[in-house]
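A quick write-up on the structure given underneath.
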2 protein chains.
Amino acid sequence: MATLKQVAAHAEVSVQTVSNALNAPHRLRADTLERVNRSIELLNYRPNRNARSLRTSAVELIGYCVPSWPNHTHLVMDQFLHALCAAAERTGRHILLFTAPGGVDGMPTYDDLHARRMVDGFVLSQTETHDPRHGWLKEQDIPFVSFGRVWKQTTQPGPWVDVDGAAGSAMAVRHLHESGRRRIAFLGWPKLSGLGEDRLGGWRDACKDLGLPTTGLTVRCREDSIEEGARATARMLDTGRTVDGIVALSDILALGALRELTRRGLTPGHDVGVTGFDDSPLAEVVSPGLTSLRQPMDQIAEELITILTGTVNGSPVERLLRPELVIRGSSAPG
Amino acid sequence: MATLKQVAAHAEVSVQTVSNALNAPHRLRADTLERVNRSIELLNYRPNRNARSLRTSAVELIGYCVPSWPNHTHLVMDQFLHALCAAAERTGRHILLFTAPGGVDGMPTYDDLHARRMVDGFVLSQTETHDPRHGWLKEQDIPFVSFGRVWKQTTQPGPWVDVDGAAGSAMAVRHLHESGRRRIAFLGWPKLSGLGEDRLGGWRDACKDLGLPTTGLTVRCREDSIEEGARATARMLDTGRTVDGIVALSDILALGALRELTRRGLTPGHDVGVTGFDDSPLAEVVSPGLTSLRQPMDQIAEELITILTGTVNGSPVERLLRPELVIRGSSAPG
DNA sequence: GCGGATGTTTTTAACGTTCAAAACGTCCGT
DNA sequence: ACGGACGTTTTGAACGTTAAAAACATCCGC
């Protein structure tokens with residue numbers, strides 16, 4: 001494997017000149033630059049990243065902790081990772097994966113990776129209510145950016161990018177309203193997660209804005225499963241109240257709703273409009289297709305990387321992005 | 001951030017002694033070792049990985065190319081990544097993610113990562129028929145290991161780990177047979193993918209072994225979607241032949257089968273036993289739960305890392321692992 | 001008390017790059 | 001012809017670690 005030294009010898013210049021040819025080509029005289037470049041090409045030279053990192057103390061790697069999977073099913077994680085990777089690469093960086101225990105127990109792992117100079121900073125996701133990581137990293141002066149706000153916290157401890165769940169629900173409500181739905185229910189989650197409340201709030205506000213009823217139209221599911229989504233839908237329908245639209249907190253719950261509706265002889269899309277959240281691969285693959293709120297992964301990733309690698313100015317950057325309503329058969333005009 | 005030099009000064013030994021305390025503690029006298037360790041602890045010293053890598057020319061990073069998602073939905077990718085990461089960490093290594101164009105166009109990316117010393121080697125997955133990557137990497141003498149065999153190739157160009165799809169199908173068939181099923185259909189894929197043929201073959205052989213019929217019991221779906229699974233199931237049932245068991249090539253197709261059966265007033269598990277493949281998060285979350293063949297991700301990851309990081313002896317290592325049948329309601333005894 | 005074996009520690013020299021400063025050339029105004 | 005300004009190239013040192021060899025210490029047998 002060729003080194004700067006060998007290229008320098010071949011091009012009959014000093015080592016530093018070759019380095020400059022790569023990092024500051026404007027400093028070289030045109031003919032020298034060309035000669036050096038020819039040698040670089042000829043010897044198939046590729047800079048050794050470790051040597052570079054040692055000297056500059058920047059590794060161009062970004063740490064990302066792979067969520068341990070049993071808690072929630074991350075149906076869109078692969079999309080996120082792909083987008084994140086691609087965004088990082090556009091700036092010459094890469095993603096380093098690692099695992100860590102949840103909560104504060106995981107902090108030594110983050111610290112270690114940073115202290116050993118294996119990463120420049122972190123992208124956090126799967127943010128939880130009162131997530132301790134953000135505050136801890138801030139305190140240690142370790143660069144990071146969060147995909148997702150830390151809920152139930154007055155001020156955010158660092159820069160973040162998030163998707164506006166409230167706006168998403170509102171979009172779903174307005175969409176259903178436009179296709180003639182007047183009694184739109186919300187299928188939510190058990191524990192009052194910040195994310196859940198955000199989306200719930202958007203539904204409530206949009207309904208009020210449009211003069212639609214909300215009382216008795218909220219159901220909470222015990223867990224994020226198709227079965228629970230179906231049961232909750234059944235409970236809702238069993239109250240005897242009319243429902244012609246359902247905004248579900250997740251695609252999985254929405255699938256449950258679709259199933260229960262079908263079971264009762266109702267046609268999703270025709271009799272009841274249903275929407276989900278996250279536009280997981282499932283939404284496209286079921287029939288009727290599930291209308292869902294797609295997170296703009298590419299933009300999210302781009303912002304995350306830009307913020308993390310950008311100049312660390314004083315005030316933390318905050319970006320709230322709008323999801324995109326992907327309309328499919330489950331919400332066809334009734 | 002403390003360096004070896006500072007620790008050495010603090011412990012009043014030479015730099016090399018501190019290095020030895022970490023890498024070859026047996027060389028130190030007990031009391032020296034303890035003194036050095038105290039200094040290390042006190043100064044919270046963490047070795048700089050870049051310096052180490054520069055000297056030893058081993059980065060302890062393994063490259064993994066994130067599949068671009070639109071081709072197939074990777075419902076178990078997060079499980080795989082988590083397992084791979086965990087296995088790598090058990091050997092002090094980490095996973096570096098990157099993106100690359102498919103096929104031979106991606107090779108420069110692999111080459112570059114290796115040439116710049118950003119990774120020691122690669123784990124390949126999403127192996128395709130006649131995948132060019134393996135042969136190319138072998139030719140360049142770049143270490144790699146493949147999750148998945150290269151199909152339609154007489155000899156494998158390198159070490160691999162794979163799950164025995166044929167054995168999996170056979171397990172499913174035997175399981176259905178044990179619960180009284182006698183006419184077991186196979187729901188397959190469109191294009192004759194190696195993986196598809198492998199699983200199909202296992203079904204056929206097992207049926208023959210058990211004296212079960214196979215003629216007219218194979219259906220091929222055009223794509224991997226719930227809708228197509230349902231349509232194919234409908235086609236199969238419409239032929240008039242009795243079917244009391246369905247072995248599907250994927251969970252998604254199996255879900256389609258479940259839906260079509262339900263639509264026709266048949267009870268999956270009771271009237272027809274259904275099994276899927278890969279035990280994706282969906283299998284657990286639908287109702288009835290879908291019996292599926294779980295890939296032993298932890299073991300797969302462990303083997304991949306062991307092979308990749310192990311001594312490169314002459315003959316390539318090959319490991320064919322058995323999937324595990326996870327039994328749920330969809331195949332309850334009829 | 002000496003040669004040798006063994007155990008422990010230090011010295012020297014890299015690994016491949018970039019930073020900072022110095023050196024060298026060339027051109028210009030005076 | 002001289003000093004300065006600028007553009008280009010080289011020199012020297014450093015980043016933090018480990019490999020290899022050298023140095024030093026200790027113990028043993030004779």
Side-chain angles (χ1 to χ4, degrees), chain A residues 1-40 43-61 92-93 112-120, chain B residues 1-40 43-61 92-93 112-120:
Chain A
M1 191 79 355
T3 68
L4 272 190
K5 212 177 188 174
Q6 293 165 39
V7 177
H10 185 270
E12 296 181 306
V13 292
S14 75
V15 169
Q16 183 64 40
T17 298
V18 183
S19 174
N20 284 337
L22 292 159
N23 302 318
H26 60 272
R27 285 199 202 152
L28 300 210
R29 218 172 47 210
D31 62 329
T32 318
L33 181 57
E34 208 198 334
R35 183 156 41 94
V36 172
N37 279 336
R38 259 204 305 275
S39 298
I40 286 175
L43 298 180
N44 193 22
Y45 168 75
R46 245 74 67 78
N48 181 317
R49 194 61 152 272
N50 294 306
R52 181 174 209 286
S53 292
L54 174 59
R55 187 62 241 248
T56 64
S57 59
V59 285
E60 320 270 70
L61 285 178
R93 274 161 258 250
D112 217 51
L113 284 168
H114 183 254
R116 305 183 116 93
R117 294 287 149 86
M118 301 183 63
V119 300
D120 293 328
Chain B
M1 191 78 356
T3 68
L4 271 190
K5 211 177 189 176
Q6 292 165 41
V7 176
H10 185 270
E12 296 181 306
V13 292
S14 75
V15 169
Q16 182 64 41
T17 299
V18 183
S19 175
N20 283 337
L22 291 158
N23 302 319
H26 61 272
R27 285 200 201 149
L28 301 211
R29 219 171 46 209
D31 60 329
T32 317
L33 180 57
E34 208 199 332
R35 185 155 42 95
V36 172
N37 279 335
R38 260 203 305 274
S39 298
I40 287 174
L43 299 180
N44 192 23
Y45 168 76
R46 245 76 64 80
N48 181 316
R49 192 62 151 270
N50 294 306
R52 181 173 209 285
S53 291
L54 174 58
R55 187 62 240 252
T56 64
S57 61
V59 283
E60 322 269 69
L61 285 178
R93 272 161 260 251
D112 216 51
L113 285 168
H114 183 254
R116 304 183 116 94
R117 295 289 148 86
M118 302 183 63
V119 301
D120 294 327

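Values below: every heavy atom of this structure, side chains too, minus hydrogens, waters and symmetry copies. The sequence lines fix the lettering, A, B, ..., with proteins before strands; numbering per chain opens at 1.
Bracketed by its first and final contacts, the part of DNA chain C lying under 4.0 Å from non-hydrogen atoms of chain B reaches from C:dT8 to C:dG16 in 5' to 3' order.
Taking atom CZ on B:R27 and atom P on D:dA23, their separation rounds to 18 Å, with Å as the unit. Atom NE2 of A:H26 is separated from atom P of D:dT9 by 12 Å (rounded to the nearest Å). As a whole-Å value, the separation of B:L22 CG from D:dG16 P is 16 Å. Distance B:N20 CG to D:dA21 C1': 13 Å, rounded to the nearest Å. Taking atom CG on A:L33 and atom C1' on D:dT9, their separation rounds to 13 Å, with Å as the unit. One can place CG of A:L54 at 12 Å from C1' of D:dT18, the figure rounded to the nearest angstrom. The separation between B:Q16 atom CD and D:dT17 atom C1' is 9 Å, rounded to whole Å.
The existence of a salt bridge linking A:D31 and A:R35 is excluded, since no basic side-chain nitrogen approaches an acidic carboxylate oxygen closer than 4.0 Å.
Across every non-hydrogen atom of A:Y45 and A:T3, the tightest pair is CE1-C, 3.6 Å. In terms of heavy atoms, A:R117 sits closest to B:M1 at NH2-CB, 3.9 Å.
Of the inter-residue distances, the one linking B:N20 atom CG with B:N23 atom CG reads 7.0 Å to the nearest 0.5 angstrom. Annotation: the span from B:L61 atom CG to A:L61 atom CG amounts to 6.5 Å, rounded to 0.5 Å.
No side-chain donor-acceptor contact under 3.5 Å links B:S53 to the backbone of A:N50. The closest donor-acceptor contact from the side chain of A:D120 to the backbone of A:E60 lies under 3.5 Å. A:T32 contributes no side-chain N or O that, together with a main-chain N or O of A:L28, makes up a donor-acceptor pair within less than 3.5 Å. Under the 3.5 Å distance criterion, the side-chain polar atoms of A:T17 are left unmatched by any main-chain donor or acceptor of A:V13.
Taken residue by residue, residues 3-12 of chain A places heavy atoms nearer than 4.0 Å to DNA chain C at A:T3, A:L4.
Side-chain N/O atoms of B:R55 and base N/O atoms of D:dT18 include a donor-acceptor pair closer than 3.5 Å.
Residue-to-nucleotide proximity on DNA chain C shows that, of B:A30 and B:V15, the 5′-proximal contact is made by B:A30.
Between B:R52 and D:dT18, a side-chain N or O to OP1/OP2 separation shorter than 4.0 Å is present.
Among the protein residues, A:N23 comes within range of the sugar-phosphate backbone only, with heavy atoms under 4.0 Å from sugar or phosphate atoms but none that close to a base. Using a 4.0 Å heavy-atom distance criterion, A:T56 is classed as a sugar-phosphate-only contact. Across all strands, A:S57 comes closer than 4.0 Å to no nucleic acid atom at all (heavy-atom distances). Among the protein residues, B:S53 comes within range of no part of the nucleic acid, since none of its heavy atoms lies under 4.0 Å from any strand.
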Stepwise side chain to side chain contact (heavy atoms under 4.5 Å, CB included) check, A:R46 with B:D112 = CA-CA 8 Å; A:R46 245 74 67 78; B:D112 216 51; 2.5 Å; yes
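Checking D:dT8, D:dT17, D:dT10 against the side-chain heavy atoms of A:V13 singles out D:dT10 as nearest.
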